Amino acid sequence: MMMRRPVLGVITNDQTGVFQRAIIDGIRQIADLHSYDVLVEALGAGSSSYLEPTQLAGVMVISNAIPDSQILGFQQAGLPVSLISHHLPNTLIPSVITDNRQGMQCLMEHIVVGCGRRRVVFVRGLDHQSDAQERLAAFRDEAMRYTLDVPEAFVLRGEFAPSVAAQSVRALLAERRDFDAVIAADYLMGVAVLDALSEAGVRVPEDVCVAGYGDGEEARRRYLTVVAADVVEQGRRSARQLMGQMRGLTMRGVTVLNADLIPR
């Protein structure tokens with residue numbers, strides 16, 4: 001009789017997104033090395049997981065995909081837990097995150113110092129996700145550091161959705177054009193910003209510089225300047241953290257991956 005392999009659970013808000021797919025690829029690489037299966041559950045915002053702790057050897061949660069209370073419930077049930085792209089302060093649950101502050105510092109230095117721009121628009125992500133919150137907070141801090149005037153009209157809804165980002169930029173262009181740079185909280189929104197500006201006859205980078213967070217083939221094709229961490233490695237490290245707990249090791253704290261500037 002063939003033995004059934006133990007299962008690692010992965011809970012995400014979207015298993016089709018570029019970021020999430022890369023994370024899950026990294027997890028699968030480590031799981032395959034150690035003969036584990038991977039079960040992915042994709043949930044809508046604010047939903048709770050239907051995964052049963054007794055079915056799993058451990059669970060990883062990506063980007064605030066479930067309420068904190070359920071994450072703590074998994075831990076209290078004795079299930080090893082590792083978090084990706086968010087963390088729970090005042091707990092011993094380990095996590096692997098990108099250094100959003102350091103990444104935004106690199107982007108703002110490139111835009112303000114390198115490109116000489118001072119009227120910078122920011123396209124934000126999903127308000128409930130840690131990455132989005134940290135990138136917006138870091139943008140505001142950097143704007144203050146460089147004494148930039150950033151009216152509320154320059155902070156646009158994006159929701160990590162290219163169509164929403166493009167719509168927000170079109171609405172801004174219909175009202176005013178007194179900006180000379182746009183930073184998007186992820187690179188796919190950055191590509192959508194390029195499209196919206198091009199439709200309106202705005203030259204990039206002559207009139208407006210554009211940059212984004214994260215990297216992928218779409219950004220490379222469009223020569224979009226970005227900052228990026230190794231997202232596949234983020235998945236690998238989380239899987240290793242989880243397996244360390246499953247072996248009885250004490251894994252705690254936040255592992256932070258740097259984001260490097262990729263100018264194009």
Side-chain angles (χ1 to χ4, degrees), residues 18-19 63 85-87 97-127 129-162 164-166 168-169 172-173 176-198 202-216 218-220 222-231 234 254 256-264:
V18 176
F19 168 76
S63 298
S85 282
H86 65 126
H87 63 96
I97 66 173
T98 299
D99 193 337
N100 288 305
R101 180 165 297 278
Q102 174 258 341
M104 193 56 63
Q105 287 171 348
C106 289
L107 277 182
M108 287 289 278
E109 182 178 14
H110 171 76
I111 291 293
V112 178
V113 178
C115 300
R117 308 305 171 97
R118 297 193 59 82
R119 300 286 288 168
V120 186
V121 168
F122 184 76
V123 184
R124 68 183 193 268
L126 283 164
D127 291 341
Q129 288 190 358
S130 295
D131 278 338
Q133 294 167 2
E134 291 174 5
R135 290 170 196 175
L136 176 57
F139 169 77
R140 292 191 186 279
D141 287 346
E142 290 301 294
M144 187 177 300
R145 184 161 77 92
Y146 289 112
T147 64
L148 305 183
D149 177 24
V150 182
E152 279 305 307
F154 279 13
V155 178
L156 305 183
R157 179 169 162 258
E159 299 182 2
F160 291 137
V164 175
S168 294
V169 171
L172 178 65
L173 288 165
R176 56 197 297 177
R177 299 196 175 200
D178 57 334
F179 59 94
D180 56 15
V182 180
I183 293 177
D186 88 340
Y187 74 91
L188 291 175
M189 293 196 300
V191 171
V193 170
L194 291 175
D195 291 337
L197 293 173
S198 177
V202 178
R203 299 173 302 164
V204 177
E206 293 87 353
D207 300 326
V208 176
C209 286
V210 180
Y213 208 104
D215 194 26
E218 299 87 348
R220 291 189 284 272
R222 297 297 298 275
Y223 301 101
L224 178 69
T225 290
V226 298
V227 290
D230 187 338
V231 180
Q234 198 173 354
V254 179
V256 182
L257 303 183
N258 281 347
D260 298 319
L261 181 70
I262 306 173
R264 299 187 174 113

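These numbers come from the heavy atoms of this one structure, side chains and all, not from hydrogens, waters or symmetry mates. Throughout, numbering of the chain's residues begins at 1 and tracks the sequence. Please read all numbers here as calculations on a predicted model, not as lab measurements.
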Do [X] and [Y] touch side chain to side chain, with heavy atoms closer than 4.5 Å?
| X | Y | value |
| --- | --- | --- |
| F139 | V150 | yes |
| T147 | R118 | yes |
| Y213 | I183 | no |
| V120 | V182 | no |
| L197 | L173 | yes |
| M189 | S168 | no |

Any side-chain to backbone donor/acceptor pair from [X] onto [Y]? Under 3.5 Å, distance only.
| X | Y | value |
| --- | --- | --- |
| R264 | L224 | yes |
| Q133 | D127 | yes |
| R124 | A184 | no |
| S198 | L194 | no |
| R135 | A185 | yes |
| R117 | D180 | yes |

> Taking only residues two or more places apart in sequence or in another chain, which ones pass side-chain contact (heavy atoms from CB on, under 4.5 Å) with C106?
Replying inline: Q102, V227, L261
> What pairs with V254 under side-chain contact (heavy atoms from CB on, under 4.5 Å), at least two apart in sequence or on another chain?
Replying inline: H87, S95, I97, V256
> Taking it one step at a time, do H86 and Q129 satisfy side chain to side chain contact (heavy atoms under 4.5 Å, CB included)?
Replying inline: CA-CA 8 Å; H86 65 126; Q129 288 190 358; over 6 Å; no
Partner set under salt bridge (Lys or Arg N to Asp or Glu O under 4.0 Å) for [X], not counting sequence neighbours:
| X | value |
| --- | --- |
| D149 | R119 |
| R140 | E152 |
| E134 | none |

>> Under the criterion side chain to side chain contact (heavy atoms under 4.5 Å, CB included), I'd like the reasoning laid out for F19 against D186: C-alpha separation, chi angles, the key distance, then a yes or no.
In response: CA-CA 9 Å; F19 168 76; D186 88 340; over 6 Å; no
> What is the minimum heavy-atom distance between A166 and A196, and which atoms define it?
Replying inline: O-CB, 4.0 Å
>> Testing the basics here: between G190 and V210, what is the closest heavy-atom pair and its distance to 0.1 Å?
In response: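 That closest heavy-atom pairing would be O-CG1, 3.9 Å.
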> Looking at CG of D260 and CG of D230, how far apart are the two atoms once the value is rounded to the nearest 0.5 Å?
Replying inline: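 Going from the CG atom of D260 to the CG atom of D230 covers 10.0 Å.
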> In Å, rounded to the nearest 0.5 Å, how long is the span from CD1 of I111 to OG1 of T225?
Replying inline: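 Rounded to the nearest 0.5 Å, the CD1-OG1 separation comes out at 7.0 Å.
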>> Is there a salt bridge (Lys or Arg N to Asp or Glu O under 4.0 Å) between E159 and R157? Walk through the geometry before answering.
In response: CA-CA 6 Å; E159 299 182 2; R157 179 169 162 258; 2.7 Å; yes
>> Checking L136 against M104 for the side chain to side chain contact (heavy atoms under 4.5 Å, CB included) test, could you report, in this order, the C-alpha distance in whole Å, the side-chain angles of both residues, the deciding distance, and whether it holds?
In response: CA-CA 9 Å; L136 176 57; M104 193 56 63; over 6 Å; no
> Going by the angle between their ring planes, with limits at 30° and 60°, are F179 and F154 parallel, tilted or perpendicular?
Replying inline: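 F179 and F154: perpendicular rings.
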> Taking only residues two or more places apart in sequence or in another chain, which ones pass ring-ring contact (aromatic ring centres under 6.0 Å, His included) with Y187?
Replying inline: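 None.
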>> Set out, in order, the CA-CA distance, both residues' side-chain angles and the distance that settles salt bridge (Lys or Arg N to Asp or Glu O under 4.0 Å) for R101 and D141, then state yes or no.
In response: CA-CA 9 Å; R101 180 165 297 278; D141 287 346; 2.8 Å; yes
